[in-house]
Amino acid sequence: MRVQRFIVGVLVIAVAGCQGAPGSQGLSPTPQTTGQIDESAELLVGVGEIATTVDPQVEVSANAQHYKSAVFDALTQISSKGDIEAALATSWTSVDTKTWEFKLRQGVKFSDGSAFTAADVVFAIQRILDPQTKSLVTGRLPVSLKADQVDALTVRMQTADPDPLLPRRMSIVYIISADGFKKNDLSTPFARFIGTGAFRTTAYQQGERIGLTRFETSWRGRAKLAKVTMVAMPEVSTRVNALQSGQIDVAQALGADQMVPVQAAGLKVISGLSARTCMLITNNRNGAPLENVKVRQAINHAIDRDALVKNLWNGVAAAADGQVVGPDGVGYNAAVKAYAFDVQKAKALLAEAGYASGFTIKLIGSKGVFISDVAVIQAIAGMLQNVGINAQLDIQEAAAWRAGQQAGQQTTMVLTCLNYFPFLDADLPLTLLQTSRPERWYTNPTFDKTFAESRVTLDSAERLKKLQSIMQMLHDDPPGVFLYREPVIFAFNAKIQGVAARPDQALFFDSISKSR
Amino acid sequence: MRAPDQVVAGGWGTFLSLPRGLAAAWRIVYRLAVEVAQLALVLVGISTVLFVLLRLSGDPVSLLLPADAPASALARLREELGLDRPIFEQYIRFLVGLARLDFGESIVFRRPAFEFALERIPATLELTTASVAFSLAVGLPLGMVAAVARQRLARVAAILVAVAGQSMPSYWLGVLLVLLFAVTFRVFPVSGRAGPESLVLPAVTLGLMLAGRVIRLVQAGIRKELSMDYVRTARGKGLGGKRVLLRHVMPNMLIPVIAVVGVDIGRLMGGAVITESIFAWPGVGRQLVTAVLQRDYPVAQAIVFLVAIFVLVINRASDLVVRVIDPRVRST
């Protein structure tokens, strides 16, 4: 009898569990009441990856951005709308074509109580560029960059060539206390990295967990959270389950397919657009048929971007505006419109180009490099089939795809996604379309010339004009199809306020609060 | 003619005639040396295969730097990491490092890879040990139930557990357990390693398959042993069924169980890769996945090396235990 009761009990629990699966009717939402802000609260965040180091001057990955923006400041910062804003520098001017001068904020203190000065900025630049540091930030700074202290609150930076992006580049140079670093306190992994941000680091387990505590007298103001703990949960399903069980307050980087069940469980979801545009490259460097501009225009007309957004992204992504940046990116041209989805026009253009009966071509996709990459490339192959283009799918593992990209072996059509964060500027993705790049995706001498000019034009209005003319150029002689901007999705419980889905995909803890 | 106090020693000692005491010592030393040599050979072999596979899997520099980084930045980082050297030179450096347990610095975490891997081994060992304990705690009694219970329903239920344990993949079972016990009933945490309660779901997920094997092994073993002459003799002497089972049958049954568990611990450490990912358990399994995805060669090599050592040592240890408790094996 006991055994029978045991079996019946197990079956009852199993049935109850099946009924309680997320998204089903059986799961009762966890009602939460929004009350007064709890200033002694700890925020628990489930993230995909923890910053691999607490040194803010080494890593550049998006995963480190939550931590870096909480604990440290740079001279400048980029707003969600793409505007450059003052941070530790209050103003900046170009002294001559190769020199920028930054005036620093007065009265800023590091979390150890010491004062922030120009010496800390010079130290940061020197340390990042020192090969011993092995900093990945160097990939986004001019090799020739030099910084000199003019006075306690003025720094001059020089480059070998004019660099209009330098003030934006300074948004990724996070400042630590030079004196604090030189003390070489190795008692904890984070003791040497003292910042001026709204939080200071108080715990770090590499790859697993970061603990932050409010820095009460930060120049940024007093944060509404006393503590923040970020915990690594690599699987999205783990983050969602942890949120539903109450183990964490905020889950980072959800997939579009998780939004409905999470909302059904009584949790909040916020989504925005990342500064990342996915595109189908139509390589024009390898002869027929893609060297013919009409063929590339036909491919643009053949792709139904709205259908991709609706069916594969549940409508939370956004179809790209026929260019590589969105309205939040410098260089955006509102006059440029995406090619309309028009199968008849695509067929007509193919006929004009001499391919009335279509052609066969290799379509390269990746597996796991970009979100939903396999599903997207399969959908594109189907759309191309409708206009007579027989796309032979070549879906490659991540390593093979990246190796092929670097070796310039993606000679036909390939799905890729291009970031324009952290600077929210078209310069970053456009770099990859230059004739000189190892990817060998696109060639257009007029584009190369205008882009090179834009990179040394210090006048921001003049530079914007050049970038906008490039957007028109890339519309008329397309390097591919600008498909969609990926979404940024966060989920959180009802006690949490102030979560924003920013283009750089980072959580900004200063604005987040937790109710009692 | 050999003197009566001299015997033939093993291995090279075959060519020597040694006094009895020395011969025994020689045999131990010889056996130990052979074991260590085999272990070293296996470890070098595993490490070499891994070295080649990782180098074939792609370039870590392209993952570390942003896609728009100039070629000069890629070249500079490659040089800093020593990846610009010829592959043969990299291999020689790797072998020299291996001899000193120096796998180099983690490409991603910027610290000694072996030290980083060592930090994570306790979590994986804790999970593996808990899984083995769970599988034995479930497998032994249910195996007995399956073999000797009078109620058919009890026998069927025990076999059902065995079949379920062996047929449910851990990535499915883990998620199911989380939904049931963490999300719905909120009895255990979803993930992480914070206290004994966080160990329960990962240990059950990882250990249920082995529990199924143990149930089947114990059931078949008991049935076989019960037909042996010594059992009939014990019963003939008037011993009760329970006493025969626990005092006479079970010790004999444990021999194959120990052998299987010894071999399966290696499989469990392999399975930990999935379980640790599902439960965000901070062990070497999860880190191995991350290291391979990030092409962090030094960390991946250090982890595989450490796991290989543990698996080999545990396999050897289980062999020794079987030798100790089974005179038949000892005599061979």
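A pairwise comparison of heavy atoms in P234(A) and A280(B) identifies CD-CB, 4.2 Å as the closest pair. Across every non-hydrogen atom of S191(B) and M233(A), the tightest pair is OG-CE, 3.2 Å.
Interface remark: P438(A) contributes no atoms to any contact with chain B (heavy atom separation under 4.5 Å). The part of E49(A) that comes within reach of chain B is its side chain, from C-beta onward, which places non-hydrogen atoms under 4.5 angstrom from that chain. Heavy-atom distances place the side chain of T138(A), and not its backbone, under 4.5 Å from chain B. The parts of Q206(A) that come within reach of chain B are both its backbone and its side chain, each placing non-hydrogen atoms under 4.5 angstrom from that chain. With a 4.5 angstrom heavy-atom cutoff, R193(B) does not touch chain A via any of its atoms. Contact annotation for E105(B): only side-chain heavy atoms (C-beta onward) come within less than 4.5 Å of a heavy atom of chain A. Contacts between V108(B) and chain A at a heavy-atom distance below 4.5 Å involve backbone atoms as well as side-chain atoms. With a 4.5 angstrom heavy-atom cutoff, V137(A) does not touch chain B via any of its atoms.
The local environment of CD in E197(B) is crowded, with over 12 non-hydrogen atoms from other residues, nucleotides or ligands closer than 6.0 Å. Annotation for R440(A): atom CZ does not count as buried by contact number, only 12 or fewer foreign heavy atoms lying within 6.0 Å.
In summary, R286(B) and E235(A) do not engage in a salt bridge, as defined by a charged side-chain N under 4.0 Å from a carboxylate O. Under a 4.0 Å N-O distance rule, the pair R110(B)/E59(A) does not qualify as a salt bridge.
Atoms CZ and CD, on F188(B) and Q247(A) in that order, are 13.0 Å from each other to the nearest 0.5 Å. Here the straight-line distance linking atom OG1 of T184(B) with atom CD of Q244(A) works out to 8.5 Å at 0.5 Å rounding. One finds the CG atom of N241(A) at 10.5 Å from the CD1 atom of I278(B) (value rounded to the nearest 0.5 Å).
Under the side chain to side chain contact (heavy atoms under 4.5 Å, CB included) test applied with S245(A), the options V178(B), V190(B), V187(B), L179(B) reduce to a single match, V190(B).
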* Residue pair R120(B), E208(A): steps toward the side-chain contact (heavy atoms from CB on, under 4.5 Å) verdict -> CA-CA 11 Å; R120(B) 278 152 191 273; E208(A) 297 301 330; 2.7 Å; yes

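Counting only distance, with no hydrogens or angles, the side chain of T238(A) and the backbone of F279(B) share no donor-acceptor pair below 3.5 Å.
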